[in-house]
Amino acid sequence: MGEIDYQNNLNRAQQEAVFSPDGPTLIIAGAGSGKTRTLVYRVAWLVENGIPPERILLLTFTRKASQEMLRRVEQMLNRSCQGVAGGTFHSLAYKILRIYGATIGLNRPLTVLDRKDSEELVGKIIKAKKWDKEKDLPDKKEFLELLSRLVNRGQTFEEGLAKSFFENGVSLSKLKEVNQDYEAFKRQHGLLDYDDLLSQCLHLFRQETGVVRKLSAFYQYVLVDEYQDTNLLQAEMVRYLTQGNIMVVGDDSQSIYGFRGAHFKNILNFPHQFPGTRVIKLEENFRSSQPILNLANRMISYSKERYSKCLFSRFKEGEPPCCVELPYEESQSQFVTRQLQEFHNQGIPWQEMVVLFRAGHHSFNLEIFLQKEGIPFKKYGGRRFVEGAHIKDFLSYLKVAHNPMDVLAWERILKLLEGLGPKRAQEIVGQMTICPDWVSRLKCLSRYPRLKSQLKGLSSLFQNLVDQPDSSPTQALETIWEYYQNLLPGLYEEPQRRQKEIEEIIRVSYNYTETETLLGDLSLEVYEEPDGQEKDQLTLSTVHSAKGLEWKVVFIIWLTEGRFPSSQSMLDPEEMEEERRLLYVAITRAKERLFLTYPQSLSYRGGGWQKNDLCHFIADIPEDLLVRQGRSVPNHSPLIHSSYVSEISKEDDDGFSKGTKVFHPLFGNGVIQEPPQERKVRVLFKRYGSKVLHLDYARLELG
DNA sequence: TTTTATAACATTTTT
DNA sequence: TGTTATAAAA
Ligand SMILES: Nc1ncnc2c1ncn2[C@@H]1O[C@H](COP(=O)(O)OP(=O)(O)OP(=O)(O)O)[C@@H](O)[C@H]1O
């Protein structure tokens, strides 16, 4: 077994943490202070001292994070640590509920609803109410957001909602009614949404002390990373899961998941919940240069909250961070692209650089520029490919085969057939749920003569699937694909891309022997969309998805009031504080170089065209901490100039006059039919016919 | 009455 | 880009 060199790889405080005696330990420390590394060494140390890996529970924010940590442990120990139970709270809860759920009435199969599934269900419930559409009920999205916030804080509607909410005309009774139906439907059909995973798991813990005893005795050591982003339910879960050897790690100034009920007070409360907690602070920063930390420290010091620490770097030297104002979004994209290329030419690989932004769609324009320049990139955050309609369709067949009572999946696949809408789908599914077995279900399908040929195809698909009950998930998916591939081209645009994504799902399924596990993981873990075999890639990411990671060079784009911070946070001071912490997280991802950029151009906002203002978190930062560059940057003047010229023509028709050839990334080549009116332009595409596009959303280029 | 085609519109963050 | 409100068609 390889000897681990603790002395040279950890400073004194870290060593103190790694060699902690049994009992509760809290490591609270700033960004880049080596918290994660400490946790990795702690796990290695435990295993080295003879603790069986499977009796260690490592809870992280994503499965990727825990896999990466365990990979490092394995490397250090030169042995496999497959046994360590690693993953997210949600995936752990799902595992526990599948084993013990029956004791609280949750019988298998248990299906996990992802966000889209939940939305669909709530949508159906609201529609079934047939209420006049007054404005006394939030739409399904807002409803679920609200509900999630409440559940994760352990609050009721009355407790959690401010008076003003109801004064705005929202009907409390309707909220409750929808919620009741939602809950009832889920329980009846064995469905669990994300929040249920936590709350039902807790319900189990509270009720079944035997289960708790068993689990907590089994997990000798429990470690939790990013504890500042846990909520009350998760904190309670931790209390049940451990008998006292618990180590949590986090940073109160990096708490960025308030919308999920997380609160940084949680980590500050930890010592109260576990009396006798050893508190260890790490003050030395190993990641960023001092100038970058100076900016981060100053920015967060303007906050109303007083966070617990200040960071000092061991790297004193470094380039100061730079704030670049650019005239238009295009200029911003061009600046970033150009700057990236420059660094790359200096020998910095793409994978050492990242572009960060507040919301997934903020990078659309940049993506076009990168594509044009042939810069390979991978995007994290924003829309996930498993939420695409075609993937949901495809998996619905598997869901039905696995759980014929999955009403939502049934309806989905029936609605794909021509001549079959929501109404009749619901009717057929109603029949289906009373059928006791597949024979009667298939017979039932053949009872609709008007849709005979279509339903016959579907029914023979299920015949095939049910005939081979022992087949692997992959085999089942391949059978389904044979059926679905005939449907796909008629359903959506871009069938080639969608086909690739489906093939990726099939590839993922190779690793699974159980359908239930496959489906669970697909809802609970982030799967990346397929891409070329490019190894060295630039990263584009939302700040949230960049948590815990680091790069040599960091760009943060769209630092304007309304985007970052998001306009939706402006009403609530607490949310605005979270935006500040979010920017703190973004800044502290950088090791050596940091660029903050924003386009000054007009944005459509609040019913009118407005000039962009620089994000107010950094507007007041003095020049010696953050160097300003205007649009007359000498190094890049030719660039700025060219985009400036093309933008000036934007005043009249943006260059999109009638007859102009244009290119759209989705629709390909086309010709302008009608020049822009109110930012909208009609284009005749060669392959897709006539379309009206919005210049601010459509990625239309002069071709 | 139900389904499909079309136009309009809005886009935070994640398990 | 994907959803949703509205109109046309089956
Ligand atoms: N004792 C050390 N000596 C040298 N480098 C270290 C040491 N500890 C950590 N590092 C390095 O510092 C960087 C940041 O460490 P790590 O990711 O563990 O910090 P963190 O506190 O978890 O950060 P964050 O709060 O952003 O998640 C990593 O590159 C890590 O390898």
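A, B, ... follow the sequence lines: proteins, then strands. Residue 1 opens every chain. Owing to the predicted nature of the structure, the values given are computational and were not obtained by experimental measurement.
- Pair assignment for C/dA9: B/dT2, on the basis of Watson-Crick or G-U wobble contacts that are both within less than 3.5 Å.
- In this structure, A/Y257 reaches the sugar-phosphate backbone alone: every heavy-atom distance under 4.0 Å involves primed, P, OP1 or OP2 atoms, never a base.
- Checked by atom type and distance alone, the side chain of A/S118 pairs as donor or acceptor with a backbone atom of A/D114 at under 3.5 Å.
- A/D521 places its CG atom 13 Å from the P atom of B/dT15, with the value rounded to the nearest Å.
- Regarding A/K127, its NZ atom lies at a distance of 14 Å from the C1' atom of B/dT1, rounded to whole Å.
- A/I126 has its CD1 atom 11 Å from the P atom of C/dA5, to the nearest Å.
- Taking only side-chain atoms of A/K140, from C-beta outward, the nucleotide of B/dT15, B/dT3, C/dT4 with the closest atom is C/dT4.
- For the pair A/G382 and A/H361, both in contact range of DNA chain B, the more 5′-proximal nearest nucleotide belongs to A/H361.
- Residue A/T62 is classed as a sugar-phosphate contact, given heavy-atom separations below 4.0 Å to backbone atoms only.
- Taking atom CG of A/L420 as the reference point, atom C1' of B/dT1 lies 14 Å away to the nearest angstrom.
- Side-chain atoms of A/R383 lie closest to C/dG2 of the nucleotides C/dG2, B/dT14, B/dT15.
- Atom pair A/L144:CG and B/dT15:C1' shows a separation of 14 Å (rounding to whole Å applied).
- Relative orientation of the A/H90 and A/Y194 rings is perpendicular, given thresholds of 30° and 60° on the angle between their planes.
- Atom NE2 in A/H263 sits roughly 22 Å away from atom P in B/dT13 (whole-Å rounding).
- No donor-acceptor distance shorter than 3.5 angstrom exists from the side chain of A/R581 to the backbone of A/Q254, with no hydrogens or angles considered.
- When each of A/G421 and A/T542 is assigned the nucleotide of DNA chain B bearing its nearest heavy atom, the one mapping closer to the 5' terminus is A/G421.
- When the P atom of B/dT3 is taken as reference, atom CD of A/E427 falls 9 Å away, rounded to whole Å.
- At distances below 3.5 Å, at least one donor-acceptor pair connects side-chain atoms of A/Q332 with backbone N or O atoms of A/W558.
- Nucleic acid contact class of A/V543 (heavy atoms, under 4.0 Å, all strands): none.
- B/dT13 has A/F259 stacked on its base ring, the centres lying under 5.5 angstrom apart and the planes within 30 degrees of parallel.
- Residue-level contact check: A/K116 touches the backbone only, with heavy atoms under 4.0 Å from sugar-phosphate atoms and none from bases.
- Closest to the A/E145 side chain, of the nucleotides C/dG2, B/dT3, B/dT13, is B/dT13.
- Contact between the side-chain N/O atoms of A/S545 and the OP1/OP2 oxygens of B/dT13 is not found at any separation under 4.0 Å.
- Using N1 to N3 plus N6-O4 or O6-N4 for Watson-Crick, or N1-O2 and O6-N3 for G-U wobble, each under 3.5 Å, B/dT11 pairs with nothing.
- Between A/K423 atom NZ and B/dT3 atom P there is a gap of 8 Å when expressed in whole angstrom units.
- Distance alone, capped at 3.5 Å, places no donor-acceptor pair between the A/R563 side chain and the A/L559 backbone.
- OP1 and OP2 of B/dT13 both lie 4.0 Å or more from every side-chain N or O belonging to A/S566.
- Side-chain atoms of A/E226 never come within 3.5 Å of backbone atoms of A/G250 as a donor-acceptor pair (strictly under, hydrogens ignored).
- In this model, the phosphate group of B/dT15 is approached by a side-chain N or O of A/R384 to a distance below 4.0 Å at OP1 or OP2.
- Residue-to-nucleotide contacts include a donor-acceptor pair under 3.5 Å from the side chain of A/H90 to the base of B/dT15.
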